[in-house]
S.K.: 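Here it is: the structure, laid out below.
Order of the sequence lines sets the chain letters (A, B, ...), proteins ahead of strands, with each chain counted from 1.
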2 protein chains.
Amino acid sequence: MEAITIKDIAKALNLSTSTVSRALRGSYEINNETKKLVLEYAEKMNYHPNPIALSLKENRSKAIGVIVPEIANNFFSQAINGIEAVAYDRGYHVVIFQSHESYERERSNIQHLVGRKVDGVLISLSGQTTTVEHLQEIQKRGVPLVVFDRISNDIISNKVIADNFQGAYEATEHLILSGRKRIAHITSPSLLYTTNERLEGYKAALAKYNIPFDENLVRYCGFEPEDAKQVIFEVLETQKPDAIFTASDRLALDSFAAVKAKGIQIPEQVAFIGFTNLGVAHLLDPPLSTIVQPAFAIGKTAAEMLLDTIENKQSNAAVKTIKIPTEVNLRTSSE
Amino acid sequence: MEAITIKDIAKALNLSTSTVSRALRGSYEINNETKKLVLEYAEKMNYHPNPIALSLKENRSKAIGVIVPEIANNFFSQAINGIEAVAYDRGYHVVIFQSHESYERERSNIQHLVGRKVDGVLISLSGQTTTVEHLQEIQKRGVPLVVFDRISNDIISNKVIADNFQGAYEATEHLILSGRKRIAHITSPSLLYTTNERLEGYKAALAKYNIPFDENLVRYCGFEPEDAKQVIFEVLETQKPDAIFTASDRLALDSFAAVKAKGIQIPEQVAFIGFTNLGVAHLLDPPLSTIVQPAFAIGKTAAEMLLDTIENKQSNAAVKTIKIPTEVNLRTSSE
DNA sequence: TTGTAAGCGTTATCAA
DNA sequence: TTGATAACGCTTACAA
């Protein structure tokens, strides 16, 4: 069951490989008879062009590379879902790598991908990434790049993110309108772009209702599970907030558990949350309001931008940053 | 910033491409001086062999294909995590496709992958797949195959699954030991292999404690969200179970919500559950016991089997099915 | 309308 | 110890 090649067809039909090649791609300069002959034989023998040979010839692979911190994370797996959907429709393959929040691993992944001659790269930066030379490097090589969600101001490229400002604003406003004044904000590391956007949304809502911003109510938290517990207990103890606004499902659940464990009265809680836990937020008591990251749409949009760039190769196109609205599900506790 | 090739090195150093090639791979028949010269220059110019050219030459791609029903599913994204970990360590790339539970899409994915000349395929069958000709086809082409989780008896190949029998047995036993007698089992479609394994585990536990098996307590449920609700309400109404054992996190949460909504007393509930919701099961009231599918280990094991097969090409190796134990977290409600 | 030949980057065979 | 050449599968000038 070895795969059949153009050469096999040529031999069988007593033609040259070039004639067969042209016939297969429907070139106008080929006799209709010959064309039909070739096409029928190819069909019969279940011929498929060898994509590796094509890649070598044309110096492209019809594959795109995706680098995410962790695949097993609702947000990223949803995003990959969106990416795969677009790629499949447009005849591209998706090659996946994880950086595991490591800068070194991310560099290595990039190397692999450019070595593999992917036609473009979609990346969400690792938590440790502070320099973007590796990204500039692939840009210099002419490989199109779209950065999504974990973006950086240092790299000039197309970007896609959730509208974190809007989500944070709406969520904070909801808490204020339900009577809360001391709203703790437990969030991701301060150097992430999204962290800042959320903080600004939070601040803007406070400002609108003339509540002074108190930085004692804000806590930045790394990705280690241990960090979270400490930070949460500490802010609950020392600041006595009357609501909590957390920046991830993990932080949301940890703070929820902390509230329960301490028997503290926190009737309102809001979380930036991933996809799967959506079904659970309203089952908790008090129920969690959620700000759902539009992960699928982000992946889809990023992939579309990338493939458009790859296929049009508009060198004049200006880079842009697209913000996708978050979906805010507000729930008030029935105190 | 075009990539540098062996030819460039040869020209620069006034050598032939074959000499350079040999020097780079450290062939013993090359003068040490020359070798050093070449290696240093290659290093300096940041030379990397073109994997596509290698693939064409060696008729392999150092890439494996993965087909799963849905990426954005905790179980599968965890499994892909395991797959990627192994693949990365062993220098393989992972190309991802989703079947979206569609047989046609699965066929198409397989076509793409063999067309791409992947060195092997990892697949978890779609819910609609009832025939395995497409898999036999790739086996005929000599492409190694490992089926994981959603397996089929019709295909003869290496397989990796969770030990669903053991998990279901332990969970059911736990419910029995906490005093339950009418344990409803809400599970996946009856033709899936795992569904049957779980049912057998459930039955075995009942048998051990002399509780007669009552098929009225068992409900099979498709992947449509609508199916679930109906089935759950119906079994709660008509059968008045005193415990529920569900086969997925979705079913678990839906039944939990149903119990709450109806105000029914179901103090014990157990679920086969994915990864992320783990953190939430104990926060519910009553808490859910969980049977965690060892998704990462399944992916890892499957990938290892596949790469071993690819690299050893032992044609004499008998196929085997590996069962990975589930992790059972038992929680009793404090009635 | 069809064929010949070169080339994509690499390695293997054979010759020098 | 090194070099010339063919080959992997395909496309495309250029020739016929």
S.K.: Would you say A:Gln139's side chain and A:Ile156's backbone share a donor-acceptor pair under 3.5 angstrom?
M.R.: yes

S.K.: Between B:Lys300 and B:Glu304, does any side-chain N to carboxylate O distance fall below 4.0 Å?
M.R.: yes

S.K.: Can you pull every protein N or O that's under 3.5 Å from an N or O on nucleotides 12-15 of chain C?
M.R.:
from: C:dT13; atom 1: O4; to: B:Arg22; atom 2: NH1; distance (Å): 3.4

S.K.: For A:Ser55, answer base if it contacts any base atom (sugar-phosphate contacts may also be present), sugar-phosphate if it contacts only those atoms, and nothing otherwise; contact means non-hydrogen atoms under 4.0 Å.
M.R.: nothing

S.K.: Report the distance from atom CG of B:Leu24 to atom P of D:dT2, rounded to the nearest whole Å.
M.R.: 13 Å

S.K.: In terms of relative ring orientation, are B:His112 and B:Phe97 parallel, tilted or perpendicular, with 30° and 60° separating the classes?
M.R.: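 Parallel.
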
S.K.: Give a yes or no on whether a salt bridge exists between B:Arg150 and B:Glu101, defined as a side-chain N under 4.0 angstrom from a carboxylate O.
M.R.: yes

S.K.: Kindly say if A:Tyr47 contacts the phosphate of D:dG9, meaning a side-chain N or O under 4.0 Å from OP1 or OP2.
M.R.: no

S.K.: Measure CD1/B:Ile30 against P/C:dT11 and give the value in whole Å, please.
M.R.: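 The answer, rounded to whole Å, is 12 Å.
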
S.K.: Does B:Ile6 reach a base, just sugar-phosphate, or nothing at all? Heavy atoms under 4.0 Å.
M.R.: sugar-phosphate

S.K.: If I take atom CG in residue A:Leu56 and atom P in nucleotide C:dG9, what distance separates them, rounded to the nearest angstrom?
M.R.: 7 Å

S.K.: For DNA chain D, whose closest nucleotide is more 5', that of B:Asn59 or that of B:Asn14?
M.R.: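 Upstream on the strand: B:Asn14.
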
S.K.: Could you state the CZ-P distance from A:Arg116 to C:dG9, rounded to the nearest angstrom?
M.R.: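 Distance check: A:Arg116 CZ to C:dG9 P gives 16 Å.
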
S.K.: Look at all strands and tell whether B:Leu15 reaches a base, only sugar-phosphate, or nothing, counting heavy atoms closer than 4.0 Å.
M.R.: sugar-phosphate

S.K.: Nearest whole angstrom, please: distance from the P of C:dT2 to the OH of A:Tyr28.
M.R.: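 Distance check: A:Tyr28 OH to C:dT2 P gives 14 Å.
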
